[in-house]
Amino acid sequence: MPDAAPGLRHVEHVMGTVFSFDIRDKPTTAIHRALDEAVHHLHRVDAVFSTYRADSHIRRLDRGEIHLEDCPPEVHEVLSLCAQAAQVSDGWFSSTPAGTLDPSGLVKGWAVEAASQLLHEAGARHTCVNGGGDIQLRGPAAPGTPWRIGIAHPLRPGELATVIAAHHDLAIATSGTAERGAHILDPHRATPATGYASLTLVGPRLTLTDAYATAAFARGDGAQDWVRALDGYEALAILPDGQEWRTPGFRRLGS
């Protein structure tokens with residue numbers, strides 16, 4: 001990312017990953033307060049949705065110990081968004097990919113987008129919120145200066161597959177095997193999806209961009225045609241043998 005006038009930066013370890021905030025606006029009292037609220041939001045999301053915490057609402061809901069009406073309203077919101085993503089993706093996105101309730105493929109993007117929105121409402125117009133590589137950008141890095149986001153190459157450690165230059169609001173989500181192995185499931189077979197080494201999707205907002213990246217990765221061979229039919233989304237996919245494809249709009253973003 002380019003150098004800019006001092007702003008406000010913060011790193012938070014939560015939800016089993018690292019979240020970073022890069023705010024290039026003058027750090028007003030309102031923006032400081034919004035950043036604190038955004039961090040609190042991430043910890044609340046972890047408490048409600050973590051599949052690793054036995055006491056989370058999502059785990060208790062899955063075990064039948066509580067009902068949906070007993071959960072915080074954001075659980076209904078997330079599950080409704082999961083249902084939308086499942087419908088648009090012909091079932092290649094699922095909140096129950098292994099037969100148990102697990103909306104993780106959408107929750108992180110939803111949490112990042114909500115954190116970004118809190119900053120925007122407080123007056124921050126040049127921000128990058130990054131949750132474990134899934135990114136919501138608002139505005140350029142500075143007037144006339146784009147954000148430059150490097151996409152790691154899944155097969156060549158230390159190398160970049162491309163650099164995305166963003167002058168406006170943009171969401172970037174990458175699904176892949178490099179960090180966590182073959183952890184994304186084909187929801188129709190409940191087996192690991194292995195058609196790609198990584199798939200990066202860009203779109204307007206991170207909630208659905210994150211979910212659709214998971215769906216495209218799980219879909220495999222048909223993903224390119226599916227993404228091209230999605231309005232407002234572009235993709236870069238890298239296959240296990242190192243070959244790649246990019247949708248036409250992605251070629252205009254990447255270098």
Side-chain angles (χ1 to χ4, degrees), residues 14-19 38 41-53 56-62 68 71-118 129-137 169-177 179-180 182-188 190 192-193 196 198-220 223 226-227 230-235 237:
V14 62
M15 295 173 63
T17 190
V18 178
F19 286 75
H41 164 74
L42 295 177
H43 284 278
R44 175 172 169 78
V45 170
D46 191 31
V48 171
F49 290 100
S50 174
T51 58
Y52 298 99
R53 297 171 60 159
S56 73
H57 289 82
I58 211 71
R59 285 289 306 279
R60 293 174 64 205
L61 182 63
D62 185 52
L68 185 58
C71 297
E74 53 263 41
V75 174
H76 184 274
E77 178 184 350
V78 162
L79 294 183
S80 295
L81 288 165
C82 286
Q84 176 184 340
Q87 181 179 17
V88 172
S89 67
D90 304 315
W92 287 102
F93 178 87
S94 174
S95 60
T96 56
T100 58
L101 185 58
D102 181 4
S104 302
L106 181 141
V107 164
K108 181 153 64 75
W110 173 80
V112 169
E113 183 181 336
S116 173
Q117 182 64 23
L118 287 169
V129 183
N130 183 337
D134 294 333
I135 297 169
Q136 181 70 62
L137 304 171
D169 292 11
L170 194 71
I172 305 167
T174 298
S175 295
T177 60
E179 298 295 328
R180 297 172 55 194
H183 67 287
I184 298 172
L185 297 181
D186 173 341
H188 298 293
Y196 296 120
S198 73
L199 188 144
T200 297
L201 194 71
V202 300
R205 293 288 180 265
L206 190 55
T207 299
L208 291 179
T209 301
D210 191 15
Y212 292 164
T214 301
F217 189 97
R219 184 182 286 259
W226 179 67
V227 172
L230 283 176
D231 185 27
Y233 295 86
E234 304 291 344

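All of these numbers come straight from a predicted model, not from anything done at the bench.
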For the atom pair [atom1] ([X]) and [atom2] ([Y]), what is the distance rounded to the nearest 0.5 Å?
X: I172; Y: D134; atom1: CD1; atom2: CG; value: 9.5 Å
X: E74; Y: H57; atom1: CD; atom2: NE2; value: 8.0 Å
X: S116; Y: N130; atom1: OG; atom2: CG; value: 11.5 Å
X: D210; Y: S175; atom1: CG; atom2: OG; value: 6.5 Å
X: R59; Y: L101; atom1: CZ; atom2: CG; value: 10.5 Å
X: F217; Y: D186; atom1: CZ; atom2: CG; value: 11.0 Å

Do [X] and [Y] make a side-chain contact, defined as non-hydrogen atoms from C-beta onward lying under 4.5 Å apart?
X: P72; Y: R44; answer: yes
X: P187; Y: W92; answer: yes
X: L170; Y: Q136; answer: no
X: L61; Y: L68; answer: yes
X: T214; Y: I184; answer: yes
X: S50; Y: I58; answer: no

Those residues that, when tested against T209, pass side-chain hydrogen bond (donor to acceptor under 3.5 Å, both in side chains) (two or more places apart):
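Per chain and number, T209 pairs via side-chain hydrogen bond (donor to acceptor under 3.5 Å, both in side chains) with no residue.
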Over all atoms of both residues, closest heavy-atom pair of [X] and [Y]:
X: L185; Y: P192; value: CD2-N, 3.7 Å
X: L106; Y: A211; value: CD1-CB, 3.9 Å
X: L199; Y: A213; value: CD2-O, 4.1 Å
X: A115; Y: H41; value: N-CD2, 4.3 Å
X: F49; Y: P103; value: CD2-CG, 4.3 Å

Evaluation steps, side-chain contact (heavy atoms from CB on, under 4.5 Å), between L137 and D169
CA-CA 5 Å; L137 304 171; D169 292 11; over 6 Å; no
Go through the structure and list residues passing side chain to side chain contact (heavy atoms under 4.5 Å, CB included) with D102, not counting sequence neighbours.
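Side chain to side chain contact (heavy atoms under 4.5 Å, CB included) check on D102 returns T51, P97, S104.
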Got a sec, which residues hit side chain to side chain contact (heavy atoms under 4.5 Å, CB included) with T100, two or more places apart in sequence or on another chain?
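Checked T100 against side chain to side chain contact (heavy atoms under 4.5 Å, CB included); matches are D62.
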Looking at [Y], is its backbone amide N or carbonyl O close enough to the side chain of [X] to form a donor-acceptor pair, meaning the two atoms are under 3.5 Å apart?
X: E113; Y: T207; result: yes
X: S56; Y: R53; result: yes
X: R219; Y: S89; result: yes

Taken in chain and number order and not counting sequence neighbours, the residues that satisfy salt bridge (charged side-chain N to carboxylate O under 4.0 Å, His left out) with E234 are none
Run L230 and V88 through side-chain contact (heavy atoms from CB on, under 4.5 Å) and show every step you take.
CA-CA 9 Å; L230 283 176; V88 172; 3.8 Å; yes
Compile the donor-acceptor pairs under 3.5 Å between side chains in residues 75-83 and protein atoms, sequence neighbours left out, one pair per line.
| from | atom 1 | to | atom 2 | distance (Å) |
| --- | --- | --- | --- | --- |
| E77 | OE2 | W110 | NE1 | 3.0 |
| S80 | OG | H76 | O | 2.9 |

What residues form a ring pair (Phe, Tyr, Trp, His ring centres under 6.0 Å) with Y212, not counting sequence neighbours?
W226, Y233
Test K108 against T17 for side-chain contact (heavy atoms from CB on, under 4.5 Å), laying out the working first.
CA-CA 10 Å; K108 181 153 64 75; T17 190; 4.2 Å; yes
